[in-house]
Amino acid sequence: MNDVTRRTALKGAGATLGAAAFAHALAPLTEWTEDLSLDAFLQRHYKELTPSDMKAVLWRLQMDAKREYGRDVTIQDLPPQEGVGFGYALNLSICIGCRKCVEACHQENNHDRRTGNSYIRVLEMEQGSLDMERGNADYDHAVPAPGKYYLPVQCQQCDNAPCVKVCPVQATWKEQDGVVVVDYNWCIGCRYCEAACPYHARRFNWSKPEVPADEINPDQGYLSNRIRPQGVVEKCTFCLHRTRAGRLPACLEACPTGARVFGNLLDPKSPIRWVLENKRVFVLKEELGTRPRFFYFFDK
Amino acid sequence: MAASRHVLDYPRFLGRLLWMSTDGSWRFYVWMTALTAICLVGANAWARQLVDGMALTGMSDHVSWGLYVANFTFGVGLAAGAVMMVIPAYLYHDHEMHDVTLVGELLAVAAIALSLLFIVVDMGHPERAWHLIPGVGRFNWPVSMLTWDVVVLNGYLLLNLHVCGYLLYMRFLGQKPRKRWYLPFVFLSIFWAVSIHSVTAFLYSGLGGRPFWNSALLAPRFIASAFITGPAFVILLLQVIRRFTGLPIGEGPGRTLTSVMRVTVLLNLFMLGSEVFTAFYTGGAHAAPVQYLFFGLHGHHALVPWIWTAVACNVGSAVLLHLPASRRHVTVLNVACVLAFVGVWIEKGMGLIIPGFVPSTLHELVEYVPTLTEWKITAGIWAFGLMLLTVAVKVALPVLSGQLASHGAHEPVQRPPDVARQSAA
Ligand code: SF4
Ligand code: SF4
């Protein structure tokens, strides 16, 4: 009996010690839970939010931006317009690889300053070859270089999007106007979509984005350029906070050569339709069956 | 009534097992304390990762999965392989195997728990895991392969918990288990074991933009390697059990498992060879990741030493297993098992996941090296898995051997009066 009680006492001591040690090991979690409000935790999927829910969410997110980044911002949720399906085309004959579009995207979309993120990558390609293996995304010399042409790649807004297919929680989907979006408050951060995208179009927030208050673009959309939380994926949305309001994507406005054409595919009189009908157009990795809404063409 | 009695007795039985699991020799305490310490280190690293973000890992937008997913994949294979011992036991009526199938099932439970943990630590937002609950969240079933994996892994866990729990409980009560309460589940678990590993393979092979994974051979390769790691681990485990619990386990099961491994190590090498042939003979985009894996590409070769270690281990184990000495000397067999285990761990871990990302989809070469945080968390989860397994085996075996029973060994259970009163009410 004595032995048993001693054993029990020892076990008790061991259990207490173990519990204390675990509490200590997990101490950083208190810091983490402080940032996590119950409202944020319980927030429903974008498609399940009523207009009044959305109002409350947008208010909360604006407050968060103010608190964490020290800037007054306006976050809106613009719906897709009726009868609009967006498309983008890029003239490879005149793109000079200056990466002004990359920079514009970085600023417009409130990207993390430390990593210098952008949704666009420009590949310097060998004249006469479409083989990306012979391309280079990390060039830093004067452009355009002889014997080269430039291939900017961003989200192709695939109509048969692998990223949408693989997401286990429907945190990413295709909108009525053809834009593939992410609900940053629903994504669980598994990065399956990142593995599935054949165009390296998705980015993960490996840490909390750093943007100085005075560099923040305050004109924001819930599904586009609001400052993303840590631990979720994001992607190009054709700047839907601009384009759904009738403006053009930031990358197009920044392009000095006019290589970029954007518009409504459903409107026969739009410039994008003119390009598709009069130029020789192709899409990247057509063999994968992703059916991009982003087209490339050459003059001549 | 019998059912209501079990409702009360089964939790008590589990409670008793749990209490028992904390008793042991000093060796047991040293072992468990060491594992706990490693777990603590892992838990701490994970907590830090949650706060500071996954930037603490070596992953990037180019290589978006790393050590965690590699270990997840391996763990699923281990779980699938562990249950394969059920085949000789029940399909071929190998009676000696019956006792050790339970060990296999316990191993499967621990391995699944480990795999699930690796997924949790790989998530950017684990607190949002409820989005994955069908009905409550938005489960993208049947389109997303990951949802299939969630279903089959959890189903497999329940299946094995049921079989183990039922068989042990019946032993504990001194009753003969009723076939219809476990046999159908045992057979189901065989199919299910294949499904967990196939679905996990489809997770990768379904991605058209990743030539390294986009191969129909991936699922068969996974199954073959599961048939290596499961038996290898169990062979070693059985010896540990025999040594430390004095439980009489015959030589038969070990022999059966060794014969299984003799075939599967060769099969695995053959399929690896087929993939390598297809890649190099054809060349082009399909060859780049394989080139990177085995020989390095444009001055990048982080994986080269790993994969050649794996090849050496796999070939080494195949040779050892086919030497007559492996029948006579248990050390030779053990070395072969360890080599096989390590070989597959690399090959179906880092060797499988990383070349899927290097070169990236735009053919950029960005390498991946796991950070200390990742190693700590990984070690912590493995330690946790070993703890689970230790406790499970430690309490299950005395029950199985009849050392622990409700009222003396193998006597029909007598209901204590208070239970009788409660169940009558
Ligand atoms: S390009 Fe990638 S991220 Fe964009 S829709 Fe296609 S698969 Fe999705
Ligand atoms: S990272 Fe987010 S959007 Fe991508 S698949 Fe996972 S949950 Fe879906």
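Note: hydrogens, waters and symmetry copies are ignored here, and every other heavy atom, side chains too, is used.
For B/E364, the part lying near chain A is the side chain, with the backbone staying farther off; criterion is any non-hydrogen pair under 4.5 Å. Looking at A/V164, only its backbone comes within 4.5 Å of chain B, counting heavy atoms on both sides. The contact between B/L146 and chain A is made by backbone and side chain atoms together, counting heavy-atom distances below 4.5 Å. Proximity to chain A (any heavy atom under 4.5 Å) is shown, for B/L365, by neither the backbone nor the side chain.
Between chain B and the residues A/A15, A/A21, A/G14, A/G289, the largest count of heavy-atom pairs under 4.5 Å involves A/A21. Considering only heavy-atom pairs separated by less than 4.5 Å from chain B, the leading option among A/H45, A/R44, A/R202 is A/H45. The most heavy-atom pairs under 4.5 Å with chain A, out of B/G206, B/S144, B/G209, come from B/S144. Of the listed residues (B/Y204, B/Y29, B/W65), the one with the most heavy-atom contacts under 4.5 Å to chain A is B/W65. Ranked by heavy-atom pairs under 4.5 Å with chain A, the list B/M54, B/R138, B/H298 is led by B/R138. If you tally non-hydrogen atom pairs under 4.5 Å between each of B/N214, B/L203, B/V63, B/V150 and chain A, the highest count goes to B/L203. Ranked by heavy-atom pairs under 4.5 Å with chain A, the first of B/H131, B/M123, B/H125 is B/H131. Between chain A and the residues B/S60, B/G356, B/G137, B/P359, the most heavy-atom pairs under 4.5 angstrom are made by B/S60.
Ion pairing between a basic and an acidic side chain is recognised when a charged N comes within 4.0 Å of a carboxylate O; A/R191 and B/D61 show no such pairing. The residues B/D23 and A/K11 are annotated as salt-bridged, a charged nitrogen and a carboxylate oxygen being separated by less than 4.0 angstrom.
Looking only at distances, no side-chain donor or acceptor of B/N44 sits under 3.5 Å from a matching main-chain atom of A/L26.
The aromatic ring centroids of B/W130 and A/W186 lie less than 6.0 Å from each other.
Using a 30° and 60° split on the angle between ring planes, B/H62 and A/H200 fall in the parallel class, below 30°.
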